Protein chains: 2
Amino acid sequence: MSPDRFPLRGHTAKRQSILDAAAAVFCREGFAGANIDLVAAEAGVARQTVYNHHGDKEKLFAAVVNDITERCNARAFSVLSTFPDNPKDLEAELTVFAMRLNKGFIMGREGRFLAKLIHAEGERHPELFEAWRRDGPGRVWSALAARFARLAFAGHLDIDDPDLAARQFMALVNVDLHIPWLFGETPNDEELSASAARAVRTFLRAYGRKREDANATLEEAQSA
Amino acid sequence: MSPDRFPLRGHTAKRQSILDAAAAVFCREGFAGANIDLVAAEAGVARQTVYNHHGDKEKLFAAVVNDITERCNARAFSVLSTFPDNPKDLEAELTVFAMRLNKGFIMGREGRFLAKLIHAEGERHPELFEAWRRDGPGRVWSALAARFARLAFAGHLDIDDPDLAARQFMALVNVDLHIPWLFGETPNDEELSASAARAVRTFLRAYGRKREDANATLEEAQSA
DNA sequence: GACGAATTAGACAAGGATGTCTAAAAAATT
DNA sequence: AATTTTTTAGACATCCTTGTCTAATTCGTC
């Protein structure tokens, strides 16, 4: 009698292997086009095993969505925890952060899978993505917004609406990745980095303290 | 013998009706999930007629993609032609323009269909969307970039890279529409307008002439 | 080594979809 | 009005997929 009542350890390994394969197949072929035989083959497992673990195609799909959502959220918060709270060089550090966002979250395996699943099936299975909608963008954006608000409070940024700023930051970071993303292409590190730099530069032109700096300089000049 | 050798006028009407229905079905169900019987029913046509016009499911899909791409591009350029080239109140007029972009292009029927088709099948049928990729975002963005460049030249904006500015403008305009879009929801005019206003405000904070105004003020102060 | 649970391979029925075919009806042209 | 083309309804063969079932086999534990 092993300490954990869970059947086997190979059991859960196969379970995860099936989930991974199913995610890839659903993502490539869509729900209707996904073939259980293909999932089984790609997971290195008999078809019957797929049915043993997740009784149904629908249930399998739901399991995949839950699994991917969870892992994707974990990844997002892991990247979020590297936000530059005490920046020496705000532009440089925000750029590195945006780059991590690109690589680890948006262009990462889980991120791409989840996004494609939502695009393809979100309209048809809204209940499945309810959890994502609640805990995904909502939580991530407001966490990011909190970080921006803190930067603004510390005098590094000039932000009226931190939530809006956070959403716009994400959108700007995505600008040059969207088209390649659509066709399954993966920009190299240099391109990702350049894209992040462009996004951050524009973001800081909008929300940096340059205007107040200019005013400060103006006041100095006037008082001189 | 009528001047045009084309068979009938009801013929082309049915053709278009089939294309419309097929677009809706492909979009809702995906390529694999789309049912030709359903397309025929939705088009008010016998299944055989569908096969008569477009011999194949694949060919039908290709025809739909071409049709939608064309109409979508036409719509985009129609909206683009309302760009404020000689603005009195730049922020207000850009906001109205962004609003038209939202309603007529991004959230419009053709725009949504095309975007969904590309998301769902772009990776699997890259040849089909090659034309879109070449003539769609490329042309639209560079046309928009040209308008921004002209505004910059006329002294209304401070832009280094008009192409980048155009892409970022589109991204900012999309910020608040993305999530509803994913779930087939249509924000009302008020929300669309508010979203456009937020996007334009941020865009102008980044690319407006405020900094140079400040510098001008500074120079005046210094020369005084 | 023996036992029980999980896995496997393959066969299988049922259902659904594609694409073809035919004969009849409808529409348009001359 | 006659003729030609298009459309229609339905039947049809074929293929693919889902989900179940069975018997053999492997794996891990006692």
Side-chain angles (χ1 to χ4, degrees), chain A residues 1-65 120-121 124-125 128, chain B residues 1-65 120-121 124-125 128:
Chain A
M1 220 183 288
S2 50
D4 51 350
R5 276 290 290 108
F6 289 95
L8 284 346
R9 67 178 177 286
H11 197 258
T12 58
K14 283 204 186 299
R15 181 178 209 86
Q16 190 59 45
S17 153
I18 293 173
L19 283 178
D20 286 347
V25 173
F26 277 130
C27 202
R28 257 201 339 260
E29 324 277 351
F31 179 82
N35 185 318
I36 303 278
D37 287 20
L38 194 60
V39 171
E42 206 148 313
V45 143
R47 176 177 56 236
Q48 185 63 41
T49 306
V50 177
Y51 283 101
N52 285 345
H53 279 274
H54 319 88
D56 208 327
K57 194 180 182 183
E58 298 267 5
K59 292 205 196 77
L60 174 61
F61 185 71
V64 166
V65 170
E121 313 290 341
R124 246 143 66 72
H125 303 262
L128 276 183
Chain B
M1 221 183 290
S2 51
D4 51 351
R5 275 290 290 107
F6 290 94
L8 285 347
R9 66 176 177 289
H11 197 259
T12 59
K14 284 205 183 299
R15 182 178 208 86
Q16 191 58 46
S17 152
I18 292 173
L19 283 178
D20 285 348
V25 173
F26 277 131
C27 202
R28 256 197 344 256
E29 323 277 351
F31 178 82
N35 186 319
I36 302 278
D37 287 19
L38 194 59
V39 171
E42 205 148 315
V45 143
R47 176 178 55 240
Q48 185 64 39
T49 307
V50 177
Y51 283 101
N52 286 346
H53 279 275
H54 320 90
D56 207 328
K57 193 180 182 184
E58 298 268 5
K59 293 204 196 74
L60 174 61
F61 185 70
V64 167
V65 170
E121 312 290 342
R124 247 145 65 72
H125 303 264
L128 276 184

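From a predicted model like this one, the values you see are computed outputs, not experimental measurements.
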I want to check something: taking the side chain as every heavy atom from C-beta on, are B:Leu60 and B:Phe26 in contact at a cut-off of under 4.5 Å? yes
How long is the line joining CG of B:Leu60 and P of C:dT18, in whole Å? 10 Å
Think A:His53 has a side-chain N or O under 4.0 angstrom from the OP1 or OP2 of C:dA6? no
In terms of heavy-atom contacts, A:Val39 and A:Ile18 come closest through CG1-O, 4.2 Å
Quick one: sort the A:Phe61 and A:His125 rings into parallel, tilted or perpendicular, breaks at 30° and 60°. tilted
Side chain of A:Ala46 (C-beta onward), nearest among C:dT8, D:dT20, C:dT20: C:dT8
Quick note, A:Lys14 side chain, CB onward, closest among C:dT8, D:dG10, D:dG19 is C:dT8
Considering only heavy side-chain atoms of A:Gln48, the closest of C:dG10, D:dG19, D:dT8 is C:dG10
B:Asn52 atom CG is separated from C:dT22 atom C1', nearest whole Å, by 13 Å
Would one find a side-chain N or O of A:Thr49 under 4.0 angstrom from OP1 or OP2 of C:dT7? no
When the distance from CZ of B:Arg47 to P of C:dT22 is rounded to whole Å, what number comes out? 16 Å
Considering only heavy side-chain atoms of B:Asp56, the closest of C:dG19, D:dG19, D:dT7 is C:dG19
B:Asp37 CG to C:dG19 P: how many Å, rounded? 11 Å
Which nucleotide in the list D:dT18, C:dG10, D:dA11 gets nearest to the side chain of A:Ile36? D:dT18
So if I take every side-chain heavy atom of B:Asn35 and compare against C:dT18, D:dT8, C:dT8, which nucleotide ends up nearest? C:dT18
Please work out if A:Ala34 contacts a base, only the sugar-phosphate, or nothing of the nucleic acid, heavy-atom cut-off 4.0 Å. sugar-phosphate
To the nearest Å, give me how far apart OH (A:Tyr51) and C1' (D:dT22) are. 17 Å
For the residue pair B:Arg15 and B:His53, what are the closest heavy atoms and their distance? NH1-ND1, 3.1 Å
Has the side chain of B:Glu42 got a donor or acceptor atom that lies under 3.5 Å from a matching backbone atom of B:Val25? no
Let me know the distance between NZ of A:Lys57 and P of D:dG19, rounded to the nearest Å. 7 Å
Please report, rounded to the nearest Å, how far the P atom of C:dA6 is from the NE2 atom of A:His54. 15 Å
